[in-house]
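Reviewing the structure listed below.
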Amino acid sequence: MAKRRRKKQQVVAPPSEPPMRPGIIGLSRTVPASIPKPPYAESGDPGPSISSLVRSPAELDAMRRAGAIAAEVLIHAGKFVEPGITTDKIDEIVHNESIRRGGYPSPLNYRGFRKSVCTSVNEVICHGIPDNRPLLDGDIINIDVTVYFDGVHGDNSCTFLVGDVDEHSKMLVAETYVAMMEGIRTVRNGSKVHDIGRAIERHARKHNLGVVREFIGHGVGTEFHSDLQIPHYYDPRAKTEITTGMTFTVEPMLTLGDPSLYLWDDHWTALTADGRRSAQFEHTLVCTDDGFELLTVAENGDTAAELYAPKSDAVS
Ligand code: MF3
Ligand code: CO
Ligand code: CO
């Protein structure tokens, strides 16, 4: 009789403790009249997407500036991540830092979002609304910063470790960053949208991580979210060819357990249904003739993820 190979032992992370609960959300912050605002800032309604998928050279230059500001604001916010700081304080820091650099914090009043940044802790997948909850030792938090500057948006996020974090969570955060980069590295003139999701999903599977399907990367430029859709899983229907000058985000959300989700009554906060943790990274990039250029990079070349993400020790 053939020897049966023992099934690989699966180490399953437990649900995150304590479970996340809705907190108290403070007032929306105000933006000085001198800061140029996106069209939805007053009404909350961005309207239908009408922008081209491809940027003009002038728009691309503006996106390098907006992207650098978004990266620098995210890096700055990362310096304050420690046990005891509330997500509302992070909102204040991101809000003021965006304005100090002449930018508008894009989330503010986008489709009615009340705050200037998204802060997603532990089993919150994305779109967490900053509130009065202080960060706890052992938490993980995604801070998603988007800045509108010179008529265009730069959108980026990083998951930070708070104090002493368990090994499952560190692995999740490290491999989510690697997965994003694997997806991004498929991009060049003539590549397909589904190449990105295929690479991300392959990496996630290697590490037994779930891939969230309900939220996807998007075209970004003169509009915060434009028509191009970038699934983070392999969708054979996503045959759209990526061509030089297209600008979009790659922003995978990976989970320690099942990636199914539910929303809180605030209609924004998305959480894993099984209560296990989720991590996310995001860059805005442009497709070039022979590859890609990251746009959400600080003027000195830094990115939040390179500075703060734990390093993956697995060879990918
Ligand atoms: N920054 C998020 C993204 O990556 C979108 C946030 S929408 C908001 O697409 F309204 F919640 F800010
Ligand atoms: Co985005
Ligand atoms: Co974002």
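Just so you know, ligand 1 is whichever comes first in the structure, and atom 1 is the first atom listed for that ligand. Any value given below was found using the heavy atoms of this structure, including those in side chains, with hydrogens, waters and symmetry copies removed.
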- Query: Can we say D258 and R276 salt-bridge, meaning some charged N sits less than 4.0 Å from an Asp/Glu carboxylate O?
  - Reply: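 Not counted as a salt bridge, because no side-chain N and carboxylate O are separated by less than 4.0 Å.
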
- Task: Answer yes or no: is there an ion pair linking R198 with D195, defined by an N-O contact shorter than 4.0 Å?
- Result: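 Salt bridge flag = yes for D195 with R198.
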
- Item | Spacing of E201 atom CD and D235 atom CG [to the nearest 0.5 Å] |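 Spacing of CD (E201) from CG (D235) equals 10.0 Å.
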
- Should side-chain heavy atoms under 4.5 Å link Ile, Leu, Val, Met, Phe, Trp and Tyr, which residues sit in the same cluster as L136?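 Result for L136 is none, singleton.
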
- For the residue pair Y148 and H153, does the interplanar ring angle fall in the parallel (under 30°), tilted (30 to 60°) or perpendicular (over 60°) class?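 Rings of Y148 and H153: tilted, 30 to 60°.
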
- Query: Got a sec: does the CD of E42 have more than 12 other heavy atoms crowding it under 6.0 Å?
  - Reply: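 Open: at most 12 neighbouring heavy atoms sit under 6.0 Å from CD of E42.
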
- Query: Is the NZ or CZ atom of R65 positioned over F149's six-membered ring, under 6.0 angstrom from the centre and within 45° of the axis?
  - Reply: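 R65 over F149 ring: no.
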
- Query: Near ligand 1, which residues have a heavy atom under 4.0 Å away from one of its atoms?
  - Reply: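 Ligand 1 is contacted, at a heavy-atom distance under 4.0 Å, by P107, Y110, F113, C118, H127, D144, T146, D155, H218, F224, H225, E251, W268, E282.
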
When the side chains of residues 123-130 are checked against the rest of the protein, which donor-acceptor pairs come out under 3.5 Å, sequence neighbours left out?
residue, atom, partner, partner atom, Å
E123, OE2, M20, N, 2.7

- Report, as a single number, the protein N, O or S atoms less than 2.8 Å from the Co ion (ligand 3).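 Near the Co ion (ligand 3), the number of protein N, O or S atoms below 2.8 Å is 4.
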
- Message: Using every non-hydrogen atom in the two residues, find where V152 and E59 come nearest and quote the distance to one decimal.
- Response: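 It is CG1-O, 4.3 Å.
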
- Where do E175 and S312 come nearest, in terms of heavy atoms and distance?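 Closest heavy-atom pair between E175 and S312: OE2-OG, 2.8 Å.
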
- Message: Between H225 and the Co ion (ligand 2), is there a contact where an N/O/S atom of the residue lies under 2.8 Å from the metal?
- Response: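 No N, O or S atom of H225 is closer than 2.8 Å to the Co ion (ligand 2), so no.
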
